[in-house]
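Take a look at the structure set out below.
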Amino acid sequence: MNKKYLRIGVVIIIAICATVFTHFDSFLYKDPIIKVESVKTLERNKSTDEYKNTDTQVKQRLTGKFLNTDKRGQPISVDNTYYQSQLVDQKFRVGQQVMLTKTGRHYSVNDVKRDTVLVFTIGIVLVLLFCMQFSRGKLLTSVLLNLAVYYGFMRILINTHNSILLLMTVITALLISGIALIVILGPTTDALMAYSSTVISTTIAILLSVLLLSISNNSGVHMELTDFGLQPYFSVFISQVIFSVLGVILDETMDISSSLIEMKKEISNVSEKTLFQSGINIGRELVGPLINILLFIVIAEHLNVVLLYLSNGNSINYTFEMTLSLGFAQLLISGIGIVLTVPITSFIASKIITRRAV
Amino acid sequence: MLYLLGAFVILLLLVAGSRGLSLLFGLGINIISIVALLILIADGFNVLITTMIVSVIILIVAIFMNVENPSTANIAFKTSLLIMVVIILITIPIEYWASAQGMGVEDQEELEGFSLAAGVSFPQLAVAVIVVNSLGVISETSVAITSGLNEIVENKPTLTPTEIFNDGFSVGNRILITQTNTLLFNFFATTFPLFFLIHSLNDNLGEIVNDKLVVAEVVTMLICAIGVILTVPITSYLVYRNVKLKKI
């Protein structure tokens with residue numbers, strides 16, 4: 001018990017140290033960073049735009065001291081303008097550390113320094129994990145391995161200028177789902193069974209959806225509206241769909257196949273048909289919650305842009321077409337995948353399990 | 001799009017039978033609730049209060065329509081409400097500190113031609129984004145843990161609180177890993193175009209870890225993970241209290 005508290009204590013201390021360190025790490029940055037010591041509001045302009053949105057534009061003068069570069073310790077003043085709604089601009093507060101950009105001899109505000117809050121939040125998650133009796137080893141291994149694979153994926157994308165995106169996505173998806181399954185289930189035939197179900201279900205769902213989309217000539221789906229307009233649109237879209245649905249399908253195949261394995265253990269002479277039918281019954285209950293997970297994740301991503309469209313006087317129809325249609329297409333493909341996983345996993349699992357000696 | 005919708009509905013009905021209809025109904029209500037949320041916020045209603053009200057409605061639909069056992073549904077609902085409150089309480093200070101609201105320089109192209117004086121409080125909306133993001137994960141986690149735990153509790157009539165907590169963690173372990181995977185893979189899905197773009201704008205680690213959109217995505221994922229982690233002890237406690245009440 002003492003050992004447990006000691007471990008929690010160590011994690012808390014590490015989290016605090018890391019947070020404090022990032023608060024004072026401005027010497028690592030090349031860009032000048034200042035600490036804001038006082039803020040003065042210079043002007044306030046209340047305006048109503050053509051869509052009857054009332055907003056206030058504020059001009060503030062930040063006075064502070066340099067924290068790094070050779071001007072360290074010297075005072076500086078910079079001006080900043082922002083709208084009170086703060087969509088793309090930023091209101092700065094006393095005490096914040098602000099990154100500046102230097103153009104010629106003139107400084108202008110660039111962005112808030114956010115690394116401290118990032119490290120702090122990671123710290124909270126770790127401390128919570130260590131306070132409770134989770135098997136952290138497995139969790140952290142799978143997260144770190146997956147992040148490493150993702151890093152490699154990103155590097156290759158950048159080096160190849162995004163030209164082999166789809167191929168890389170498929171390889172990455174095969175790797176990360178394999179890692180996840182081996183970490184959770186161990187290198188067993190059960191893991192292999194869940195893996196093949198995951199791969200087959202995802203592939204069929206994607207191929208079917210691509211076929212359906214091409215029959216309809218992508219009508220109603222604005223591929224050109226993928227995030228940040230990254231080209232090639234279609235590959236980006238499909239890659240996003242694959243990554244986003246993969247975790248959910250993994251969850252589903254594991255749930256179904258492990259329940260069926262349990263069932264076989266209890267009733268050793270269970271028939272293939274009974275197993276298949278119970279697989280369907282279990283899967284039926286999973287479909288709704290799993291689609292919900294993706295529904296809210298996808299919609300949350302678009303809240304900002306939807307409100308920007310709506311507040312700019314666009315009709316609800318036009319707004320949803322421009323902002324959410326791609327998200328809905330993504331959800332529908334994911335939904336097809338989630339639904340198809342149920343019979344595919346039940347079929348594969350019932351075949352393999354009945355043929356296996358207990 | 002229509003073909004996709006058609007294929008989805010047909011497959012759902014084929015696989016889930018009559019259950020498919022109620023699933024579609026539940027999804028429909030959730031989508032309508034979210035659309036209502038968006039319209040209310042655009043009309044100037046307070047972002048946080050509207051989000052909370054709509055979230056409660058969504059949780060009710062997501063839990064009571066999907067779960068047949070009333071005791072499981074009750075506990076799962078209470079847990080998710082508590083977690084939602086905790087998430088809001090954690091998110092408000094973290095978002096205030098991070099100032100990671102709204103959109104970034106990476107969105108410049110999309111923003112062209114828009115009036116940016118939207119009159120909506122984007123710092124508050126950033127909190128709403130995280131709350132909405134967590135709704136599905138939270139409701140699914142609490143239902144999965146409650147039903148797993150209830151099953152164990154029903155088979156063993158005498159249980160001490162420590163035993164219930166231990167069982168809660170053994171049920172919660174796998175759910176935690178799978179939910180983390182779901183969150184992580186979705187993080188990959190949204191961030192690979194972002195990282196690619198940041199790279200072409202300015203490749204420098206300092207810029208990346210302070211970038212508004214990157215920080216917003218990471219914080220969203222982490223706060224959802226906090227929600228999932230906290231679900232386990234809260235569910236275990238509520239199941240324990242339920243067992244104790246039944247005995248008396």
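Letters A, B, ... mirror the listed sequences (proteins, then strands); counts begin at 1.
- For chain A, the option among B:V219, B:I94, B:I63, B:I10 with the highest count of heavy-atom pairs below 4.5 Å is B:I94.
- Of the listed residues (B:L4, B:T178, B:I175), the greatest number of heavy-atom pairs within a distance under 4.5 Å of chain A belongs to B:L4.
- Within the 4.5 Å cutoff, the side chain of B:L38 has heavy atoms near those of the A:F320 side chain.
- Of the two parts of B:L213, only the side chain, counted from C-beta on, holds a non-hydrogen atom closer than 4.5 Å to a non-hydrogen atom of chain A.
- Of the two parts of A:D115, the backbone and the side chain both hold a non-hydrogen atom closer than 4.5 Å to a non-hydrogen atom of chain B.
- At a 4.5 Å heavy-atom cutoff, the contact between A:L250 and chain B is made by side-chain atoms alone.
- A distance-only check finds a donor-acceptor pair linking the side chain of B:N210 to the backbone of A:R114 [under 3.5 Å].
- At distances below 3.5 Å, at least one donor-acceptor pair connects side-chain atoms of A:Y150 with backbone N or O atoms of B:F192.
- The aromatic rings of A:F134 and B:F169 stand perpendicular to each other, their planes meeting at an angle above 60°, with 30° marking the opposite boundary.
- With a 4.5 Å cut-off on side-chain heavy atoms, B:V129 and A:E301 do not count as touching.
- Counting heavy atoms from C-beta on, the side chains of A:E285 and B:R19 come closer than 4.5 Å.
- Contact of A:L340 with chain B is made through the side chain alone, with heavy-atom distances under 4.5 Å.
- Heavy atoms closer than 4.5 Å to chain A are found in the side chain of B:I34, but not in its backbone.
- Residues A:V117 and B:E95 are not in side-chain contact: their nearest non-hydrogen atoms beyond the backbone lie 4.5 Å or more apart.
- Proximity of a side-chain donor or acceptor of B:N173 to a complementary backbone N or O of A:S135 within less than 3.5 Å is detected.
- Only the backbone of B:D211 comes within contact range of chain A, judged by heavy atoms closer than 4.5 Å.
- Counting only heavy atoms from C-beta outward, the side chains of A:S142 and B:N181 approach each other to under 4.5 Å.
- For B:A100, the parts lying near chain A are the backbone and the side chain together; criterion is any non-hydrogen pair under 4.5 Å.
- A distance of 6.0 Å separates CD1 of A:I291 from CG of B:L12, quoted to the nearest 0.5 Å.
- Under the 4.5 Å side-chain criterion, counting only non-hydrogen atoms from C-beta, A:I297 is not in contact with B:T190.
- For chain A, no part of B:Q124 is nearby; none of its heavy atoms comes within less than 4.5 Å.
- Interface summary for chain A: among B:T191, B:I177, B:L23, the most heavy-atom pairs under 4.5 angstrom belong to B:I177.
- In this structure, the portions of A:V88 lying under 4.5 Å from any heavy atom of chain B include both its backbone and its side chain.
- Atom CD1 of A:I299 is separated from atom CG of B:N133 by 11.0 Å, given to the nearest 0.5 angstrom.
- Put simply, the side chain of A:Q86 never gets that close to the backbone of B:F122: no donor and acceptor are under 3.5 Å apart.
- Between chain A and the residues B:V137, B:T180, B:I138, B:L125, the most heavy-atom pairs under 4.5 angstrom are made by B:L125.
- Looking at A:I338, there are no atoms closer than 4.5 Å to chain B (heavy atoms on both sides), in backbone or side chain.
- If you take CG on B:L222 and CZ on A:F120, they are separated by 11.5 Å, rounding to the nearest 0.5 Å.
- Only the side chain of B:V218 comes within contact range of chain A, with at least one heavy atom under 4.5 Å from a heavy atom of that chain.
- Of the two parts of B:V143, neither the backbone nor the side chain holds a non-hydrogen atom closer than 4.5 Å to a non-hydrogen atom of chain A.
- Of the residues considered (B:L135, B:V232, B:V15), B:V15 shows the highest number of contacts with chain A, using heavy-atom pairs under 4.5 Å.
- Looking at A:N110, the atoms closer than 4.5 Å to chain B (heavy atoms on both sides) all sit in the side chain, from C-beta outward.
- For chain B, the nearby parts of A:L157 are the backbone and the side chain; heavy atoms of each come within less than 4.5 Å.
- Note: B:K212 leads B:K212, B:E217, B:E140 in heavy-atom pairs under 4.5 Å with chain A.
- Heavy atoms closer than 4.5 Å to chain A are found nowhere in B:S134, neither backbone nor side chain.
- The shortest distance between side-chain heavy atoms of B:L27 and A:N292 falls below 4.5 Å.
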Next item on the list: Determine, stepwise, if the pair B:F196 / A:M154 fulfils side-chain contact (heavy atoms from CB on, under 4.5 Å).
Entry: CA-CA 7 Å; B:F196 191 82; A:M154 247 6 276; 4.2 Å; yes
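- When heavy atoms are compared at a cutoff of 4.5 Å, B:L5 approaches chain A by way of both its backbone and its side chain.
- Only the side chain of B:I58 has a heavy atom closer than 4.5 Å to any heavy atom of chain A.
- When heavy atoms are compared at a cutoff of 4.5 Å, A:L213 approaches chain B solely by way of its side chain, counted from C-beta outward.
- For the pair B:M103/A:L308, a side-chain contact is recorded, criterion being any heavy-atom separation below 4.5 Å from C-beta on.
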Next item on the list: Might you work through the side-chain contact (heavy atoms from CB on, under 4.5 Å) test for A:L332 and B:Y3, ending with a clear yes or no?
Entry: CA-CA 10 Å; A:L332 286 173; B:Y3 286 114; over 6 Å; no
